[in-house]
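Note sheet for the following structure.
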Amino acid sequence: MAEDGAAQSGTTQAWPLPSFYFKVSVTDVGDISCSEVSGLETEYDMIEYRAGDSPVFTKQKMPGMRKASDVTLKKGIFKDDWINSIKLNTIKRATVTISLLDESGKPVKTWELTNAWPKKITVEGFKADGNTAAIETLILAHEGVTVK
């Protein structure tokens, strides 16, 4: 006999989504295979204000301009890649969509980076006796994250 209310009412118990099933897509490029995504952050500057005739002797705190941190992708190195399109001071900016997927492969939560471009690329190194794929770390600059 079930003891919790959700089981008694016939609904299934909700579990958090696993972090290992995700997809990264870039406009005009398509899906890119990544082993890790980090830096999906949005922060707001704080505006403090107090009117001179306010009877309250504290400042109001309001959200100001939104700041977006860089997003880091770890991915395998491929011969033909989005990164190869960077030229001096020119890169086609793209919308990068990062989707957390459910067990059927459908997006459940999506983060969309606006006007993203590769800011820094770091190759992790090579070993003659290594047994791993060649990995690069790609840091993306962008102009904001929209959560859907």
Side-chain angles (χ1 to χ4, degrees), residues 2 4-7 11-51 54 56-148:
D4 64 55
T11 61
T12 59
Q13 184 175 3
W15 295 96
L17 294 167
S19 64
F20 60 81
Y21 197 27
F22 62 92
K23 178 172 74 169
V24 178
S25 301
V26 180
T27 53
D28 297 330
V29 174
D31 294 346
I32 58 174
S33 296
C34 297
S35 62
E36 188 176 325
V37 176
S38 61
L40 290 169
E41 299 176 13
T42 299
E43 182 179 349
Y44 292 88
D45 287 332
M46 183 175 60
I47 299 171
E48 292 184 339
Y49 175 78
R50 182 184 176 276
S54 174
V56 180
F57 295 115
T58 59
K59 297 176 186 175
Q60 294 178 343
K61 295 181 180 179
M62 303 172 285
M65 297 288 287
R66 182 171 62 174
K67 297 186 281 187
S69 65
D70 294 339
V71 171
T72 302
L73 307 176
K74 286 197 175 189
K75 58 182 276 318
I77 297 175
F78 295 94
K79 182 180 174 186
D80 295 317
D81 214 344
W82 180 38
I83 290 83
N84 296 332
S85 64
I86 300 172
K87 306 272 188 279
L88 180 62
N89 199 25
T90 58
I91 180 69
K92 185 174 181 183
R93 294 171 182 252
T95 299
V96 176
T97 305
I98 301 160
S99 302
L100 195 56
L101 308 175
D102 64 11
E103 62 277 355
S104 65
K106 293 181 183 158
V108 175
K109 189 110 176 173
T110 301
W111 294 262
E112 192 171 274
L113 311 180
T114 305
N115 291 330
W117 55 277
K119 173 180 157 182
K120 182 178 178 181
I121 303 161
T122 305
V123 177
E124 292 194 7
F126 311 115
K127 285 183 162 184
D129 63 347
N131 193 14
T132 60
I135 300 291
E136 65 188 1
T137 300
L138 176 63
I139 298 178
L140 301 178
H142 60 92
E143 296 173 1
V145 178
T146 304
V147 181
K148 297 180 180 184

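Shown here are the salt bridge (Lys or Arg N to Asp or Glu O under 4.0 Å) partners of D31, two or more places apart in sequence or in another chain: there are none. For the side chain to side chain donor-acceptor pair (under 3.5 Å) test, residues two or more places apart in sequence or in another chain that qualify with K67 are D45. Scored by the salt bridge (Lys or Arg N to Asp or Glu O under 4.0 Å) test, K74 finds E124 as partners (sequence neighbours excluded). Take K61 and apply the salt bridge (Lys or Arg N to Asp or Glu O under 4.0 Å) test, not counting sequence neighbours, and it matches no residue. Here S104 pairs with D102 under the side chain to side chain donor-acceptor pair (under 3.5 Å) rule; sequence neighbours left out. Residues satisfying the salt bridge (Lys or Arg N to Asp or Glu O under 4.0 Å) criterion with E103, sequence neighbours excluded, are absent altogether.
Within the 3.5 Å criterion, the main-chain N or O of H142 finds no donor-acceptor partner in the side chain of R93. T72 places no side-chain N or O within 3.5 Å of a backbone atom of G39 that could act as its donor or acceptor partner. With hydrogens and angles ignored, the 3.5 Å screen pairs no side-chain donor or acceptor of T95 with any backbone N or O of T27.
In this structure, I47 and P63 approach most closely via the heavy-atom pair CD1-O, 4.0 Å. The shortest non-hydrogen separation linking M62 to Y49 is CE-CB, 3.6 Å. Here the closest heavy-atom approach between residue S99 and residue T110 is recorded as OG-OG1, 3.6 Å. In this structure, E136 and I121 approach most closely via the heavy-atom pair OE1-CG2, 3.7 Å. A134 and F126 get closest at one heavy-atom pair: CB-CE2, 4.1 Å. Heavy atoms only, all atoms of each residue included: L17 and L101 are closest at CD2-O, 4.4 Å.
One distance of note links CG of D70 with NZ of K119; it measures 3.5 Å at 0.5 Å rounding. In this structure, the separation between CZ on F20 and OG on S35 is 14.5 Å, given to the nearest 0.5 Å. Separating the NZ atom in K59 from the OG atom in S54 is a distance of 12.5 Å, to the nearest 0.5 Å. Between atom OG1 of residue T137 and atom NZ of residue K75 there is a gap of 10.0 Å, rounded to the nearest 0.5 Å. Here the straight-line distance linking atom CD1 of I98 with atom NZ of K23 works out to 12.5 Å at 0.5 Å rounding. Atom CD of Q60 and atom CD of E48 lie 11.0 Å apart (nearest 0.5 Å).
The shortest side-chain heavy-atom distance between V96 and V71 does not fall under the 4.5 Å cut-off. Using a 4.5 Å heavy-atom cutoff, the side chains of V24 and I32 are in contact. Considering only heavy atoms from C-beta on, L113 comes within 4.5 Å of L40 through its side chain.
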